> 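Starting off with a structure, shown below.
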Amino acid sequence: AAAAGAAAPKCLALNDLSKVLRTSRRWDELLEAWAGWHAIAPPLRPKFERYVALGNKGAAEIGFPDVGALWRAGYDMSPEAFEAETDRLWGKLKPLYDELHCHVRARLRAIHGKERIGDKAPIPAHVLGNMWAQDWSNIYALMEPYKGQPSLDVTRKIKAKKLDEKQMVSLGERFFTSLGFDPLPATFWERSLLKKPVDREVVCHASAWDVGDRDDLRIKMCVEPTEEDLITIHHELGHIYYYHQYYKLPVLFQSGANDGFHEGIGDTLALSVTPAYLKTLGLVDRVPEDEKGLINFLFKKALDKIAFLPFGKLIDQWRWDVFAGKTRPADYNQAWWALRLRYQGVAPPVPRSEADFDPGAKFHVPANVPYTRYFLASIYQFQFHRALCKAAGHTGPLHTCSIHGSKAAGEKLRAMLSLGASRPWQEAMQAMTGESEADPGAMLEYFEPLRRWLKEQNKNEVCGW
Ligand code: X8Z
Ligand code: ZN
């Protein structure tokens with residue numbers, strides 16, 4: 001306890017600590033923020049163990065071997081086939097991730113030194129610009145491929161224009177209305193929480209809510225003036241407009257085609273938030289035109305989308321094993337870091353033990369939110385984007401397409417959203433894309449110029465870990 005009269009040391013909240021991870025370049029400062037946040041989790045461990053036991057009891061009562069099997073049963077195929085499907089998708093994308101990892105590690109080594117980031121070594125988890133090393137786009141400025149190209153720094157522009165929370169959400173809404181979607185209902189603006197309250201604690205992790213049965217749609221999010229949050233706003237509005245399209249269906253159909261579809265809709269639109277579109281909003285000055293500008297652009301996107309893939313997969317890999325009893329409570333933390341190493345090639349920056357409970361420091365784990373949905377969404381969104389771009393009449397490379405303003409693309413999207421969960425997801429996929437399964441090919445196509453560039457950059461590197 002602080003001595004009487006002395007100011008109590010102020011505890012930083014997750015958003016403050018995330019800001020350190022996002023902006024600091026100092027090893028020790030980053031480490032303190034990383035370790036500080038992860039210190040909140042150990043008290044959750046006994047509660048999590050009890051949650052696993054109770055969840056499994058409930059799953060058994062409705063005929064599932066365990067909670068993981070229940071989660072894997074939501075994809076219009078057998079749970080075994082679904083698990084194999086996630087492995088198939090990851091297998092196709094892993095070579096691109098490995099190239100990105102290799103190059104990013106080399107660049108970070110040049111900054112932090114080879115004592116700290118060795119050859120063939122995993123990347124320390126605290127220097128990638130994000131608390132969980134799940135999205136690396138915040139370190140883009142440190143490793144911009146080519147200098148002197150048009151700036152992609154949207155955060156700076158948002159701050160310069162002093163956009164407030166409501167204005168940022170309105171920008172997202174404008175994208176949807178440009179496709180022919182309805183404006184958000186008045187109650188959305190009255191009942192959403194968009195700004196971090198100063199007088200009380202709230203869960204700031206962004207979420208979208210469908211309250212009752214009469215189009216009462218709300219977002220809860222502590223919006224900050226950053227590009228990351230502008231993208232997250234599009235993500236949340238994707239949920240909101242999905243709800244809006246199916247709220248009149250029978251209640252059992254008031255859901256996404258699968259949960260990966262729900263997570264992928266806003267992100268699909270956000271792929272159309274291209275430099276050319278941002279220029280029309282005054283959020284970038286110049287649009288990249290030549291090969292170098294293109295590589296900068298694709299590299300920044302890859303730091304978000306490609307870097308995310310192994311993280312998106314491993315969270316449930318860990319939980320599936322926990323629920324199935326393959327990972328015992330005594331091994332929770334070491335099993336977690338084994339997966340972090342195997343999939344992401346990252347390592348904890350300070351020694352860990354079973355006194356820690358690092359999975360508990362990721363929102364979705366204590367919040368009981370399945371995570372494979374985000375892995376699927378990160379792949380689907382490129383497939384959706386490719387189909388909508390085609391509907392919009394786009395010709396030329398996929399990464400230059402923006403569907404902004406296309407009523408034809410909007411119509412195709414609305415038709416799919418309006419199905420809700422009334423059909424198997426493969427049919428919803430077919431209706432919108434003409435393809436009846438997940439195809440990582442669209443994502444690979446989008447990033448193809450970058451893949452070639454990375455391969456060239458890495459030719460004298462020893463990749464892997
Ligand atoms: O949790 C979310 C959304 C709410 S559904 C903000 N996302 C995942 C995360 O933050 O870990 C979006 C990207 C992945
Ligand atoms: Zn979401």
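Here the structure is a predicted model, which means the values were calculated and not measured. Read the numbers this way: they start at 1 and go in the same order the structure lists the ligands and their atoms.
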> Does atom CZ of R174 have more than 12 heavy-atom neighbours, drawn from other residues, nucleotides or ligands, at distances under 6.0 Å?
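No, because the 6.0 Å sphere around CZ of R174 holds 12 heavy atoms or fewer from other groups.
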> Looking at H239, pick out the N, O or S atom nearest to the Zn ion (ligand 2) and give its name.
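Going by distance to the Zn ion (ligand 2), the closest N, O or S atom in H239 is NE2.
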> Ignoring hydrogens, what is the shortest heavy-atom contact between A438 and P440? Give both atom names and the distance.
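For A438 versus P440, the nearest heavy atoms are O-CD, 3.8 Å.
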> Tell me which one of Y374, F308, Y371, F363 gets a heavy atom nearest to atom 9 (C) of ligand 1.
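Going through Y374, F308, Y371, F363 one by one, Y371 has the nearest heavy atom to atom 9 (C) of ligand 1.
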> Determine, for D321 against R319, whether the closest basic-nitrogen to carboxylate-oxygen distance falls under 4.0 angstrom.
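Here D321 does not pair with R319 in a salt bridge, since their nearest N and O are not under 4.0 Å apart.
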> Please could you name the atoms of ligand 1 that Q134 approaches to less than 4.0 Å, counting only its heavy atoms?
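Every atom of ligand 1 under 4.0 Å from some heavy atom of Q134: 9 (C), 10 (O), 11 (O).
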> What atoms in ligand 1 come closer than 4.0 Å to a heavy atom of H239?
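Those of ligand 1 that fall under 4.0 Å from H239 are 5 (S).
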> Below 3.5 angstrom, do we get any N/O pair linking E263 and ligand 1?
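The answer is no, given that E263 and ligand 1 share no N or O pair closer than 3.5 Å.
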> Which ligand 1 atoms, with their elements, are less than 4.0 angstrom from a heavy-atom of K362?
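Within the 4.0 Å cut-off of K362, ligand 1 contributes 9 (C), 10 (O), 11 (O).
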> At a non-hydrogen distance cut-off of under 4.0 Å, which region of W132 contacts ligand 1 (side chain, backbone, both, or neither)?
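Under 4.0 Å from ligand 1, W132 contributes no heavy atoms.
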> Could you check whether Y343 and Y97 have their ring centres less than 6.0 Å apart?
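Centroid separation for Y97 and Y343: 6.0 Å or greater.
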> Looking only at distance, does E236 have an N or O less than 3.5 Å from an N or O of ligand 1?
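N/O-N/O distance under 3.5 Å: no.
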> Going by atom types alone, do S151 and D153 pair a side-chain donor with an acceptor below 3.5 Å?
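No, D153 and S151 have no side-chain donor paired with an acceptor closer than 3.5 Å.
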> Does any N or O atom in H205 lie less than 3.5 angstrom from one in ligand 1, N or O only?
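It does: an N or O of H205 is found under 3.5 Å from an N or O of ligand 1.
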> Show which atoms of ligand 1 fall inside a sub-4.0 Å distance from at least one heavy-atom site of A206.
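Listed by number with element: 4 (C), 6 (C).
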> Tell me, which N, O or S atom in E263 is closest to the Zn ion (ligand 2)?
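Among the N, O or S atoms of E263, the one closest to the Zn ion (ligand 2) is OE1.
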> Assess whether a salt bridge exists between R26 and E32, defined as any Lys/Arg side-chain N lying under 4.0 Å from an Asp/Glu carboxylate O.
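Salt bridge absent between R26 and E32.
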> Only one of V169, L217, I265 passes side-chain contact (heavy atoms from CB on, under 4.5 Å) with I240; say which it is.
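Considering V169, L217, I265, a side-chain contact (heavy atoms from CB on, under 4.5 Å) with I240 is found only for L217.
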> Would M221 count as a contact of ligand 1 if the rule is a heavy atom under 4.0 Å away?
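Flag not set, M221 not near ligand 1.
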> Show, in sequence, the C-alpha distance, side-chain angles and deciding distance for H234 and D267, and conclude whether the side-chain hydrogen bond (donor to acceptor under 3.5 Å, both in side chains) test is met.
CA-CA 7 Å; H234 286 76; D267 287 19; over 6 Å; no
